[in-house]
Amino acid sequence: GAVVSQHPSWVICKSGTSVKIECRSLDFQATTMFWYRQFPKQSLMLMATSNEGSKATYEQGVEKDKFLINHASLTLSTLTVTSAHPEDSSFYICSAVQTDDYEQYFGPGTRLTVT
Amino acid sequence: DQQVKQNSPSLSVQEGRISILNCDYTNSMFDYFLWYKKYPAEGPTFLISISSIKDKNEDGRFTVFLNKSAKHLSLHIVPSQPGDSAVYFCAASAYGGTASKLTFGTGTRLQVTL
């Protein structure tokens, strides 16, 4: 089956630093990847749509300069949280759309804690 | 503006009984609906979906019903099993099925008791 991985699964960083989260489609190519964020006991909120080789499209209210997204290959998208603050602490989940069947597969998520 | 709502934050059902999870939406452009199961600190796992051209889709113990006029869908799980205990999210997309961006509901925590 189609597998999406995220790395790291859990990261703690200090306020003001940047942290990069990787999303990989392990056994398929994905021209489109999505980044979601989930706060405790809340819904998953779409942050941005990432298309291979082009700039990401951000949802309203998401700061593109703070959440840098790069989709440099058909199997890898990265989300960099720049100058992280405690309010950025959340669970970040990516998903990838398989080019062949247009199904969306989710990664296991990354828990970010900013101290 | 929460376009997809799950009004019951939690539901407790006895093993063997039917679990019914409900979801309402407001955006008329949504034409594809999905249900996901999720455990804490894990990504969502796809369960079942339905296109707006249908009113029912069944897969094993899971059945999804769609009432477009009421903008309402429901997930039936029968018989419910302890392993079904998790948080269930409904999600909706417009113009592209599962390949397009999803709008998630607020989730319902299902607990199946022995």
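Labels below follow one simple rule: chain letters A, B, ... track the order of the sequence lines, proteins then strands, and each chain is numbered from 1.
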key: Main-chain N/O of A:S43 paired with B:T106 side-chain donor or acceptor, under 3.5 Å   = no
inquiry  = Which atoms of A:Y105 are under 4.5 Å from chain B, going by heavy atoms: the side chain, the backbone, both sets, or neither?
reply    = neither
key: Contact leader toward chain A among B:P9, B:P40, B:A41, where contacts are heavy-atom pairs under 4.5 Å   = B:A41
query = Of the backbone (N, CA, C, O) and the side chain (C-beta and beyond), which part of A:Q42 lies under 4.5 Å from a heavy atom of chain B, both, or neither?
reply = backbone
query = Take atom NE2 in A:H85; do more than 12 heavy atoms of anything else shown fall under 6.0 Å from it?
reply = yes
task = Find out if a path of hydrophobic residues (ILVMFWY) with successive side-chain heavy-atom gaps under 4.5 Å connects B:L47 to B:V87.
result = no
query = Same hydrophobic cluster for B:L73 and B:L75, using side-chain heavy-atom links shorter than 4.5 Å among ILVMFWY?
reply = yes
request  = Please round to the nearest 0.5 Å and tell me the distance separating atom OG of B:S93 and atom CD of A:Q104.
outcome  = 8.5 Å
request  = Could you tell me which non-hydrogen atom of A:Q38 sits nearest to which non-hydrogen atom of B:F89, and how far apart they are?
outcome  = NE2-CZ, 3.6 Å
inquiry  = Test side-chain contact (heavy atoms from CB on, under 4.5 Å) on A:F106 and B:Y36; report intermediate values, then the result.
reply    = CA-CA 10 Å; A:F106 284 84; B:Y36 289 89; 3.5 Å; yes
task = Determine, stepwise, if the pair A:L46 / B:F104 fulfils side-chain contact (heavy atoms from CB on, under 4.5 Å).
result = CA-CA 9 Å; A:L46 178 68; B:F104 281 85; over 6 Å; no
ask   = If you group Ile, Leu, Val, Met, Phe, Trp and Tyr by side-chain heavy-atom gaps below 4.5 Å, do A:V81 and A:Y58 land in one group?
value = yes
task = Would you kindly confirm whether B:L66 and B:I77 end up in one hydrophobic cluster when ILVMFWY residues are joined by side chain heavy atoms under 4.5 Å apart?
result = yes
inquiry  = Can you confirm whether more than 12 heavy atoms, excluding those of A:K66, are under 6.0 Å from its NZ atom?
reply    = yes
Which portion of A:E59 sits near chain B, non-hydrogen atoms under 4.5 angstrom = side chain
query = Which pair of heavy atoms, one from B:K38 and one from A:I93, lies closest together, and at what distance?
reply = CE-CD1, 3.9 Å
key: Over 12 non-hydrogen atoms of neighbours within 6.0 angstrom of CZ in B:R109   = no
request  = Tell me whether A:Y36 is reachable from B:L34 by hopping between hydrophobic residues (I, L, V, M, F, W, Y) whose side-chain heavy atoms are closer than 4.5 Å.
outcome  = yes
query = Any donor-acceptor pair under 3.5 Å linking the side chain of B:E42 with the backbone of A:G109?
reply = no
key: Top contributor to chain A contacts, counting heavy-atom pairs under 4.5 Å, from B:T103, B:L102, B:V4   = B:L102
